[in-house]
Amino acid sequence: MAMAAGNSWRWWLTAGGVALVVLPLGQGAPMVAVVAAICGPIVVGAWAWGTRSGGAVGVAVGVVFIAGLAAVFAVSQWPGSLVAAPWLDWFAVWLLVGVGCLAALVIDRRLHAVSTSHLDGRSRTAGEVQWVAAMATLVTVVALCGCGLGVVVFDGDGRLRFPTREDEVLPLPASLRLVSADRCADGGSSGNCTAEFVVMAADGADRTTTVARLVEHLRSRGWLLQAENGVCRGSRETGGILNWTAHRMWLDADVEPASVLRSAQSSDAVVIYIDNL
């Protein structure tokens, strides 16, 4: 009973790591929440069960880790008027926090190299086992995820890219309707991708009116479009923490080239292009 009571703060810290899952869930991203549900508890739990410090220091440092992970997520995913970065942005930094946790456990061990035979109800042997288990688990997760992340986001010119998301254009106002959307209609190397959104007026208005409505709508969503030589162009910087490329948009203000529209599409349709070059 004494051991269970002495370890209660460790359980509470671990539960705080688990609670980080609500961050991506709040964005409606249940699959990404699985990543947070794995990484968060491991980073926080490794400290909670690996430290030899007492409850006061252990809780204080654990709360700093939890607050740090939550702050990283907030900075990454709520960038204001900028395009929100993908989940890889905050996850990469969470791995760095995990490295910080490893360093904290090593420092903690050195500071408590000579300890009493019982600490918070744990024997010295139990403390050693927990420290080794915490270190091994954290090292394994950081190494595996770090290698996988390096493969996924590697880009030869040092910049990272991600495909256009539909919420960069949608939802459309009631006066417009979406004919089709292709998030990667044309792609190249190193993650290059050009998205195409085909839009028409919902009330049968002509193309000039559709373009005017579209430009007004897109400006309200943060796209600073400017007309130049019959083409409306604009770009939005990407938020997040890592070095992501900006997204660039353009659409023909005049008549759409016949080669662009499919035979089933009306000549009044407007094609929006967004790339991540």
Side-chain angles (χ1 to χ4, degrees), residues 2-27 29-78 85-113 115 119-124 126-150 240-242:
M3 182 178 293
N7 285 331
S8 62
W9 65 270
R10 302 178 195 275
W11 288 109
W12 280 111
L13 273 183
T14 305
V18 175
L20 292 167
V21 72
V22 304
L23 297 175
L25 281 179
Q27 291 183 308
M31 296 303 295
V32 179
V34 175
V35 177
I38 295 173
C39 187
I42 287 178
V43 171
V44 179
W47 165 258
W49 294 96
T51 180
R52 295 182 177 186
S53 299
V57 174
V59 169
V61 175
V63 168
V64 168
F65 281 130
I66 293 173
L69 294 173
V72 165
F73 185 91
V75 170
S76 172
Q77 299 297 290
W78 282 286
W87 66 270
L88 286 174
D89 185 76
W90 58 262
F91 179 65
V93 184
W94 276 27
L95 291 184
L96 293 179
V97 176
V99 173
C101 182
L102 284 172
L105 285 171
V106 172
I107 294 171
D108 179 81
R109 179 181 174 86
R110 292 181 64 86
L111 292 176
H112 299 89
S115 60
L119 182 62
D120 288 346
R122 301 183 300 162
S123 68
R124 181 177 298 183
E128 289 286 344
V129 171
Q130 288 182 4
W131 185 86
V132 171
M135 289 290 290
T137 302
L138 191 52
V139 166
T140 301
V141 170
V142 169
L144 290 177
C145 293
C147 290
L149 187 65
I241 301 170
L242 304 181

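No experiment lies behind these values; they were computed from the predicted model shown.
From Leu23, atom CG reaches atom CD of Gln77 across 9.5 Å, with rounding to the nearest 0.5 Å. Taking CD of Gln130 as the start and CG of Asn7 as the end, the distance is 6.0 Å to the nearest 0.5 Å. In this structure, CE on Met135 lies 8.5 Å from SG on Cys101, to the nearest 0.5 angstrom. If you take CZ on Phe91 and CG on Leu96, they are separated by 10.5 Å, rounding to the nearest 0.5 Å. The CH2 atom of Trp47 sits 4.0 Å away from the CG atom of Asp108 when rounded to the nearest 0.5 Å. Atoms CG and CD1, on Leu88 and Ile241 in that order, are 12.5 Å from each other to the nearest 0.5 Å.
What you find for Val43 and Gly98 is that their closest heavy atoms are CG2-CA, 3.9 Å. Of all heavy-atom pairs spanning Leu13 and Val44, the tightest one is O-CG1, 3.2 Å. Counting all heavy atoms, side chain and backbone alike, Gly45 lies closest to Thr14 at CA-OG1, 3.9 Å. Scanning all heavy atoms of the two residues, the minimum distance from Leu105 to Gly50 falls at CD2-C, 3.6 Å. Shortest non-hydrogen contact noted between Leu25 and Pro30 is CD2-CA, 3.9 Å.
Residues passing the side-chain contact (heavy atoms from CB on, under 4.5 Å) test with Pro41 are Val18, sequence neighbours excluded. Take Val32 and apply the side-chain contact (heavy atoms from CB on, under 4.5 Å) test, not counting sequence neighbours, and it matches Pro24, Ala29, Trp87, Trp90.
Between the side chains of Thr51 and Trp131, no donor-acceptor pair is found at a separation under 3.5 Å.
At least one donor-acceptor pair closer than 3.5 Å links the side chain of Asp89 to the backbone N or O of Leu242.
The number of heavy-atom neighbours closer than 6.0 Å to CH2 of Trp12, taken from other residues, nucleotides and ligands shown, is 12 or below.
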Would you give me the side-chain donor-acceptor pairs under 3.5 Å for residues 55-74, sequence neighbours excluded?
none

